[in-house]
Amino acid sequence: MFSIRARFRASFSTLAEHRFVTFAVLVDTIGAGLTLPLTIVYFTLTTHLSLAAVGALSTAASLLALPIGLVGGVLTDRFGAKWSMITNNLLSAAGFTLYLVAHDPVLVFAAVFLANASERLYWTSWTAYVHDLSDGRPFERWFAFLEATKAAALGAGAIVAAVTLAGGGTDGLRWLVVANVVTSVAAAAVFATQRTGRPRPRVVHVHVTPDAGSAAQRDGSLRAFAADRSMRLITLGQFLLGPAMVLPNVALSVLFVERWHLPAAVAPVQFAVATGLAACLQTSVTRWVAGVDRGMLVAIGAGLTGLAVLPLVVLPPLSGAAAWGFAVVIAVVLAAADMISLPAANAVMAEAPHPEVRGRAIGVFQTAGSVGMALFPLGIGLLDTDVPWLLWVLTAAVFAAAAWVWRAAVSALPEDVRVATAADADV
C-alpha cells in the first residue's frame with residue numbers, strides 16, 4: 001500500500017511540474033472540440049455556396065495542406081517543437097478568424113487551408129513536443145496523460161458544440177468559431193511561456209539494417225534516414241494506419257446512417273464513447289502494457305481495428321437496439337485499439353530517428369498517415385455497389401498489412417527503442 005501511494009505521489013508531482021502545459025492542452029483541445037463538426041456544415045449555413053462546392057474546396061485545401069507536415073518537421077528541427085506548437089495554434093487562430101468573414105470561394109479555400117495546415121503542423125510537432133517534455137522520463141507516461149486530457153477536453157468541447165448545433169441558427173456557430181480563435185491564441189501564449197526539457201547529451205542509437213551501414217546511421221543525415229529500412233517501414237506503417245483516424249466518422253457513420261437508417265446522433269455517440277474511454281482509461285492501459293514490445297502493441301491495435309470491421313463482411317443490415325448495440329461495441333473496440341497502439345507508435349516515431357532529423361522524420365511519418373487518411377474515403381463508393389462487403393475486406397486487409405509492417409519495422413530497432421523502459425511500470 002505504501003508503495004502504491006508513493007508511486008501516486010511521485011507521478012502527481014512530475015505531472016504537476018508541467019501543469020501550465022496541461023492547461024494549454026486543455027484549452028487548445030476544448031477549442032478543437034468546439035469546431036470539430038463545423039468544417040463543412042459551417043460554410044453550407046453561412047455562405048451561398050453549394051454543398052458540392054464546399055466539399056470540393058475543402059478537399060483541395062486539405063490536399064494542398066499535406067506538405068505542411070514536412071515543413072513543420074524542418075521548423076521543429078531548426079527552432080524546437082515548442083515553437084512549432086505555438087505556430088500551429090496561431091495558424092489555427094488565423095484560419096478560424098477567416099471563417100468569420102469567408103463568403104466567397106477564395107476566402108473559404110484560404111480558411112480551410114489554414115485550418116488544415118495547422119492540423120498538419122500540430123501532428124508533426126506534438127510527438128516531438130511530448131518527447132521534449134518528458135525530458136528523459138518514460139515517453140508513454142506523458143503521452144498517455146496528455147492524450148487522456150485531450151480526450152476529456154475534446155469530448156467536452158464536442159458536447160458544447162452539439163448542444164449549440166441542436167439550437168439551430170448561425171449565431172451559435174459563429175460564437176463557437178470565436179471561442180476557438182480565443183482558445184488557440186491563449187494556448188499559444190501558454191506554450192510560449194513554458195520551458196520543456198533540459199539540455200542533455202544526445203544518445204545516438206546505432207543499428208545496422210540490411211541496406212544501411214552503421215556509419216550512415218551515425219551521421220544523422222536525411223540520406224541515412226531514407227536509406228534505413230526501419231524508417232521506411234515506419235513510414236509505410238503510418239500510411240496503412242491512416243484510415244483508422246477517419247474510419248468511425250467516414251465509413252462507419254455512412255453505413256449506420258445511410259444503410260442501417262440510424263439517426264445522425266450515432267456519430268456523436270460513437271465519438272463520445274471513444275473520447276470518454278480514452279479520458280478514463282488511457283493512462284491505466286498504458287501502465288498495464290508497460291514493458292511490452294512497442295511493435296507488438298501497434299500490431300495489436302491495428303489487428304483489433306481490422307477485426308472490428310470484419311463482421312460487416314457478412315452481417316446484414318441491423319435495426320433498433322441491435323444496430324445501436326453493434327455501433328457501441330465497435331466504438332469500444334476501436335477505442336481500445338487506439339489506447340493500446342497510439343502511445344507506442346508515437347514513442348517509436350519520436351525515439352527511432354537520429355536526434356538531428358527527429359522533427360523532419362516525424363513530419364514524414366505523420367504526413368504518410370495523413371495521405372492514408374485522405375485516400376480512404378475514396379473507397380466509400382463501394383457501399384453503393386453490389387459488393388459493399390468489399391470495402392470491409394479491403395479495410396481489414398489494410399490493417400493486417402499495417403500490423404505486419406509495424407512488427408517488421410520495430411524488430412530491427414535497438415532494445416531501448418523497441419521496448420518501453422521499465423520505469424513505465426512505476427507510474
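Quantities reported herein were computed from a predicted structural model and do not represent experimental measurements. For reference, positions follow the sequence shown, starting with 1.
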[X] side chain to [Y] main-chain N or O, any donor-acceptor pair under 3.5 Å?
| X | Y | answer |
| --- | --- | --- |
| Ser118 | Leu114 | no |
| Gln270 | Ala327 | yes |
| Thr367 | Val364 | no |
| Ser184 | Leu90 | no |
| Arg294 | Ala345 | no |
| Arg418 | Gly295 | no |
| Arg358 | Glu351 | no |

Tell me, do [X] and [Y] make a side-chain contact under 4.5 Å, heavy atoms counted?
| X | Y | result |
| --- | --- | --- |
| Thr87 | Phe79 | no |
| Trp83 | Leu75 | no |
| Phe326 | Pro311 | yes |
| Val130 | Asn346 | no |
| Arg174 | Tyr99 | no |
| Asp338 | Leu277 | no |

Derivation of the side chain to side chain contact (heavy atoms under 4.5 Å, CB included) call for Leu91 and Leu121: CA-CA 9 Å; Leu91 274 178; Leu121 181 56; 4.1 Å; yes

Shortest non-hydrogen separation from [X] to [Y] and the atoms involved:
| X | Y | result |
| --- | --- | --- |
| Gly379 | Leu391 | O-CD1, 3.6 Å |
| Met339 | Val285 | O-CG1, 3.9 Å |
| Trp260 | Ala323 | CE3-CB, 3.8 Å |
| Ala188 | Ile86 | O-CG1, 3.8 Å |
| Ala396 | Gly306 | CB-O, 3.8 Å |
| Ser125 | Asn88 | OG-ND2, 3.9 Å |

Ring centers of Phe376, Phe399 separated by less than 6.0 Å: no

CZ/Arg259: more than 12 non-hydrogen atoms of other groups inside 6.0 Å: yes

Met373 atom CE: more than 12 heavy-atom contacts under 6.0 Å: yes

Intermediate values then yes/no, side chain to side chain contact (heavy atoms under 4.5 Å, CB included), Leu49 and Leu57: CA-CA 10 Å; Leu49 299 175; Leu57 289 168; 4.1 Å; yes

To the nearest 0.5 angstrom, please state how far the [atom1] atom of [X] sits from the [atom2] atom of [Y].
| X | Y | atom1 | atom2 | value |
| --- | --- | --- | --- | --- |
| Tyr129 | Met85 | OH | CE | 6.5 Å |
| Leu241 | Leu247 | CG | CG | 12.0 Å |
| Leu64 | Leu66 | CG | CG | 8.5 Å |
| Leu375 | Leu63 | CG | CG | 8.5 Å |
| Ile234 | Met231 | CD1 | CE | 4.0 Å |
| Leu312 | Thr395 | CG | OG1 | 9.0 Å |

Criterion side-chain hydrogen bond (donor to acceptor under 3.5 Å, both in side chains) on Thr286 and Gln282, from CA distance to verdict: CA-CA 6 Å; Thr286 301; Gln282 178 67 80; 3.1 Å; yes

Criterion ring-ring contact (aromatic ring centres under 6.0 Å, His included) on Phe225 and Phe365, from CA distance to verdict: CA-CA 12 Å; Phe225 169 79; Phe365 299 149; 5.7 Å; yes

Positive for side-chain hydrogen bond (donor to acceptor under 3.5 Å, both in side chains) with Arg360, one of Thr124, Asp77, Thr76: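 Exactly one option meets the side-chain hydrogen bond (donor to acceptor under 3.5 Å, both in side chains) with Arg360, and it is Asp77.
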
Result of checking Leu382, Val313, Leu394 against Trp389 for side-chain contact (heavy atoms from CB on, under 4.5 Å):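 Checked Leu382, Val313, Leu394 against Trp389; only one passes side-chain contact (heavy atoms from CB on, under 4.5 Å): Val313.
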
